[in-house]
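Structure first, commentary second.
Predicted model, so just to flag it, every value in this text is computed and none were measured. The first residue in the sequence is number 1, and the count goes up from there.
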Amino acid sequence: MSDLAITGLLVLSLFLILGSGVWIGLTLSGVAWIGMQLFSSRPAGDAMAVTIWGSASSWTLTALPLFIWMGEILFRTRLSQDMFKGLAPWVQGLPGRLLHTNVVGCTIFAAVSGSSAATCATIGKMTLPELKSRGYPEHMVVGTLAGASTLGLLIPPSIIMIVYGVMAEVSISKLFVAGVLPGVLLAALFSGYIVLWALRNPGQAPKATERLTLMQKLSASRALIPVVLLIAAVLGSIYTGIATATEAAAVGVLGSLLLSALQGSMSWASFRDSLMGATRLYCMIALILAGAAFLTLSMGYIGLPRHLAEWIASLGLNQAQLIAALAIFFIVLGSFLDGISMVVLTMGVLMPTVQAAGIDPIWFGIFVVLVVEMAQITPPVGFNLFVLQGMTGRQLTWIAKVTLPMFLLMCLAVALIYVFPGIVTWLPTQMSGR
């Protein structure tokens, strides 16, 4: 049976099982079992047991449930309200004024969350009613929130970076550090767009109602101190080499529990809800990772990754053409799958090709996160679009339309990190030199 026929059979099996409503993790395991049973001499049951146990017992994955729990704890605090109070005075003088709270708020919350959907929901609960009541155009409020909330994936700690690091076998700490400058770049592009929009439409943004002195602004910013200290503790411990990603995650959980207790928002109910929320999300991700590990092994026995790498190599694509082709591939794939599924389904096949092309796996990790971010705001399976639909009651098509400028800015960010790879690689290099 030819490689093309085998691939077609496995892809058809994948979509048939997914379409029947089976969980993604179980679907991946099922497709892997079919491949092993039909096209390999190794017993499928033995391979499944060994692979799933090895995936589930990985020490590297320990950081994942801890960072998820940290985000769940902070999701239940008064963090978002405090952030609005602290940020609003500083953006009053910029064109577009309080629209920038979407971008800056998402950037700050992304540094303690790791989840795009959590960032969107948390900041959206604060800014959507506040900005709408002040007369800001809804299309700009929703569009900038949808785009900026994807920073939850790019600015560390990032759940998807941990998943990529495990799949591609690269340093999670270096991935975290590599995401800082591209995250700041993307936030700057979003804010720049708001400035240009405000300058072109001077009558649409409400006028400032009050002028605050420097001391009043500093006084309002006191609410930001706890979360800034938490970010510094988590990222600083990783960058300086004091802690691994897992140890920094533990620091983050302790810090978020302390912050929640000091704010008075920690109760037995909120503690239990945060723990159960983190457990449910991690179990889902762990099941997907286990299924993907078995599928990767199955494809390795069949020889599909090697044959795919040989086929791509035979096309004679240069590095730029390969990156462009992969960007289009991920954007199309992201229209049907969530980000974590995209990463675990493709990395086992793509990494040999990427490494053969001489692409830095750390740089490629940030590239993948950026294109997965695009998938968060592309229909029909854009998680951020679903979150915003539930919060605004608007049609999915309308939300996708108003987020289109943010999608194009992400495309620009991908082009910039390709032309200037140092945006990604400089900080990890400095970290290695310590």
**OP:** Please test Leu189 against Met410 for side chain to side chain contact (heavy atoms under 4.5 Å, CB included), starting from the C-alpha separation and ending with a verdict.
**Re:** CA-CA 9 Å; Leu189 289 175; Met410 290 180 193; over 6 Å; no
Subject >> side chain to side chain contact (heavy atoms under 4.5 Å, CB included) between Ser149 and Ile123, intermediate numbers included >> reply: CA-CA 8 Å; Ser149 60; Ile123 302 302; over 6 Å; no
Original post:
Given the rule in the side chain to side chain contact (heavy atoms under 4.5 Å, CB included) test, do Met161 and Ile172 qualify, once you have shown the distances and angles that lead to the verdict?
Top reply: CA-CA 7 Å; Met161 283 186 191; Ile172 292 172; 5.7 Å; no
Subject >> Working for side chain to side chain contact (heavy atoms under 4.5 Å, CB included), residues Val142 and Leu128 >> reply: CA-CA 7 Å; Val142 173; Leu128 285 175; 4.1 Å; yes
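Under the 4.5 Å side-chain criterion, counting only non-hydrogen atoms from C-beta, Ile359 is in contact with Ile323. Under the 4.5 Å side-chain criterion, counting only non-hydrogen atoms from C-beta, Val424 is not in contact with Leu181. Proximity of Cys106 to Leu145: side-chain heavy atoms (C-beta onward) are separated by under 4.5 Å at one or more points.
Applying the salt bridge (charged side-chain N to carboxylate O under 4.0 Å, His left out) definition to pairs two or more places apart or across chains, those involving residues 45-56 are Arg42-Asp46. Pairs passing the ring-ring contact (aromatic ring centres under 6.0 Å, His included) check and including a residue from residues 391-415, sequence neighbours excluded, do not occur. The stretch residues 226-238 participates, sequence neighbours left out, in no salt bridge (charged side-chain N to carboxylate O under 4.0 Å, His left out) pair at all. Listed by first and then second residue, the side chain to side chain donor-acceptor pair (under 3.5 Å) pairs involving residues 135-144 are Arg97-Tyr136, Asn102-Thr144, Glu138-Arg394 (not counting sequence neighbours). Listed by first and then second residue, the side chain to side chain donor-acceptor pair (under 3.5 Å) pairs that reach into residues 399-423 come to none, sequence neighbours excluded.
Looking at residues two or more places apart in sequence or on another chain, you find a side-chain contact (heavy atoms from CB on, under 4.5 Å) between Asn201 and Trp197, Gln204. Take Thr279 and apply the side chain to side chain donor-acceptor pair (under 3.5 Å) test, not counting sequence neighbours, and it matches no residue. Residues meeting the side-chain contact (heavy atoms from CB on, under 4.5 Å) test with Leu229, sequence neighbours left out: Ile225. With sequence neighbours excluded, the residues forming a side chain to side chain donor-acceptor pair (under 3.5 Å) with Ser191 are His100, listed by chain and number. When the ring-ring contact (aromatic ring centres under 6.0 Å, His included) test is applied to Phe294, no partner is found at least two apart in sequence or on another chain. For Glu169, the salt bridge (Lys or Arg N to Asp or Glu O under 4.0 Å) test picks out no residue, with sequence neighbours left out.
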Output side-chain donor-acceptor pairs under 3.5 Å for residues 360-374, partner residues at least two apart or in another chain, one line each.
{"unit_1": "Asp360", "atom_1": "OD1", "unit_2": "Ile362", "atom_2": "N", "d": "2.9"}
{"unit_1": "Trp363", "atom_1": "NE1", "unit_2": "Ile417", "atom_2": "O", "d": "3.0"}

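Distance check: Leu94 CG to Thr101 OG1 gives 11.0 Å after rounding to the nearest 0.5 Å. We find the CD1-OG1 distance between Ile399 and Thr392 to be 4.0 Å, quoted to the nearest 0.5 Å.
A pairwise comparison of heavy atoms in Pro129 and Gly124 identifies CD-O, 3.6 Å as the closest pair.
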